[in-house]
Number of protein chains: 2
Amino acid sequence: MALKYSKQREAIKEFLATRTDHPTADVVYMNIRKAFPNISLGTVYRNLSLLASLGEVNKMTPGDGADHFDWNTEPHYHVVCTECGCVQDLPMELVQDMNKLAEKYYDGVIDGHNVYFYGNL
Amino acid sequence: MALKYSKQREAIKEFLATRTDHPTADVVYMNIRKAFPNISLGTVYRNLSLLASLGEVNKMTPGDGADHFDWNTEPHYHVVCTECGCVQDLPMELVQDMNKLAEKYYDGVIDGHNVYFYGNL
DNA sequence: ATGACTGCAAAAGATTTGCATGTAG
DNA sequence: CTACATGCAAATCTTTTGCAGTCAT
C-alpha cells in the first residue's frame, strides 16, 4: 500500500484546489480531460476516494444523486443552491448560530444563490 | 394532481410510522411485500418521493449509497452507525452542544452502535 | 523486478420512467 | 368516465471492479 506518484492524481488535486465550489466526480473528469484526454472516469473515481481516505479531500453526499468533493478539509458547514444544486460553504458568522439553525430550516440568498441549509435536520 | 387514496401508499406510511430507525426504499419494499406480494419497487419509490414532497416523511442521504426515509419530520440531527450503517436520531442533550460538535467530529457509542456525527463538517 | 496506477469496458446498485392496465372519486 | 395509481420491465445514472498493460521506485 505504499503510495506512488501519478501525474493524474496530482492534476486532480491541483484542480480541486482551484475550486471554491464542490465539484462532482464527473465535473472533475470533464476538466482533467483537457490536460489528459485519455484519463478514464474510473481513474478519477479511484483517486478521489483515495484522496478522501487520506484525508486530503472531503467527500460529501448532499443528496442530489452524486457525491461532491471538497478541497477544504477544515470542519465547516455547507449550503446547497436550490436552483443549480451547487454546494457552497456556510459563512462563519452563521456557524455561530448553529443552534438556532437547528431549530428551523434556513433559507436565504448567498452570493446570488437561493440556498437552503443542508444539514441533518 | 389531485391525490387519490391508495392502500399501497397507506401501508408505506403505516410501516414507516412503526420504525424508529430510518429504512431505505428497499427495506420498505421488502416489508410491504408481506402484505402486498405484488407491489413493485417502482411504486414504493414513487410513493416515498410523493410523501417526501408532501412533507409527510423526510428523505435523507447519509452517503452509504442509498437514501433513507424518516417518519419524524420534526427538525433533528442524525448519527450513522459505522458498523451497520443504520441511522439514529441524535439525543437532544447533544443537540444543545451543536456548536461544539461543529468544531470537531463526534465519535461515540449510542445504543450499542459506534456512531460518528453525520453532518456537513 | 515489484507493486501501484492506468485505461477500458463490463458490472453493480439505486432510482426513474414508459406503457398498458387497474381503480378511486 | 377520467385522472391518478399500479405492476412490470427497460432505461438511466453514479460508482465500482476485473483485467491486461504501464510506470514509479
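Sequence lines set the chain letters: A, B, ... in the order given, protein chains first and strands last, and positions in each chain run from 1.
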Query - Euclidean distance, atom CG of residue B:Leu48 to atom P of C:dA14 [Å, nearest integer] - result: 14 Å
Query - Value in whole Å for how far the P atom of D:dT16 lies from CG of A:Asp26 - result: 14 Å
Report task. Please report the closest heavy-atom contact between B:Asn58 and B:Asn72, naming both atoms and the distance. Result -> ND2-O, 3.5 Å
Report task. With heavy atoms under 4.0 Å as the rule, sort B:Asp67 into base, sugar-phosphate or nothing. Result -> sugar-phosphate
Requested in this report: Decide yes or no, distance alone: a donor-acceptor N/O pair under 3.5 angstrom between the base of C:dA4 and the side-chain of A:Lys4.
Outcome: no
**Report entry** Side-chain donor/acceptor of B:Arg33 to base of D:dG7, under 3.5 Å
**Finding:** no
Query raised in the report: Between B:Lys59 and A:Arg46, which has a closest nucleotide on DNA chain C that is more 5'?
Result: A:Arg46
Report task. Report the distance from atom OH of A:Tyr29 to atom C1' of D:dT16, rounded to the nearest whole Å. Result -> 15 Å
Query raised in the report: Which heavy atom of B:Val57 sits nearest a heavy atom of B:Leu48, and at what distance?
Result: CG2-O, 4.1 Å
Query raised in the report: Whole Å only: how far is the CD atom of B:Glu10 from the P atom of C:dT23?
Result: 18 Å
Report task. Can you figure out which of C:dT16, D:dT25, C:dC5 approaches the side chain of A:Arg9 most closely? Result -> C:dC5
Query - Nearest atoms (heavy-atom pairs only) where A:Ser40 meets A:Tyr29 - result: C-CE1, 3.8 Å
Report task. Using a 4.0 Å heavy-atom cut-off across all strands, classify A:Leu41 as base, sugar-phosphate, or nothing. Result -> base
Report summary line: Taken to the nearest whole Å, CG/A:Leu54 to C1'/C:dA4 is 13 Å
Requested in this report: Figure out the CG/C1' separation between A:Asn38 and D:dT22, and round it to whole Å.
Outcome: 13 Å
Query - Which nucleotide in D:dC8, C:dA24, C:dT16 has an atom nearest any side-chain atom of B:Tyr5 - result: C:dA24
Report summary line: Checking C:dT6, C:dT15, D:dT6 against the side chain of A:Asn47 (C-beta onward), the nearest is C:dT6
**Report entry** Whole angstrom value for the distance that separates P of C:dC5 from CZ of A:Phe36
**Finding:** 15 Å
Report task. In whole angstrom, give the distance that lies between atom CG of B:Leu50 and atom P of D:dA3. Result -> 19 Å
Query raised in the report: C:dT15, D:dA5, D:dT6: which one has an atom nearest the side-chain heavy atoms of B:Leu3?
Result: D:dA5
Report summary line: For residues 38-57 of chain A, the salt bridge (Lys or Arg N to Asp or Glu O under 4.0 Å) pairs (sequence neighbours left out) are A:Lys13-A:Glu56
Query raised in the report: Taking the side chain from B:Ser49 and the backbone from B:Tyr45, do they hold a donor-acceptor pair closer than 3.5 Å?
Result: yes
Requested in this report: For the residue pair B:Leu3 and B:Arg9, establish whether any side-chain heavy-atom pair is separated by less than 4.5 Å.
Outcome: yes
Query raised in the report: Among the nucleotides D:dT6, D:dT15, C:dC8, which one has an atom lying closest to any side-chain atom of B:Thr43?
Result: D:dT6
Report summary line: Closest of C:dC5, C:dG18, C:dT15 to the B:Tyr45 side chain is C:dT15
Requested in this report: May I ask you to verify if any side-chain N or O of B:Ser6 is less than 4.0 angstrom from the OP1 or OP2 atom of D:dT6?
Outcome: yes
**Report entry** Side-chain N or O of A:Gln8 closer than 4.0 Å to phosphate OP1/OP2 of C:dG7
**Finding:** yes
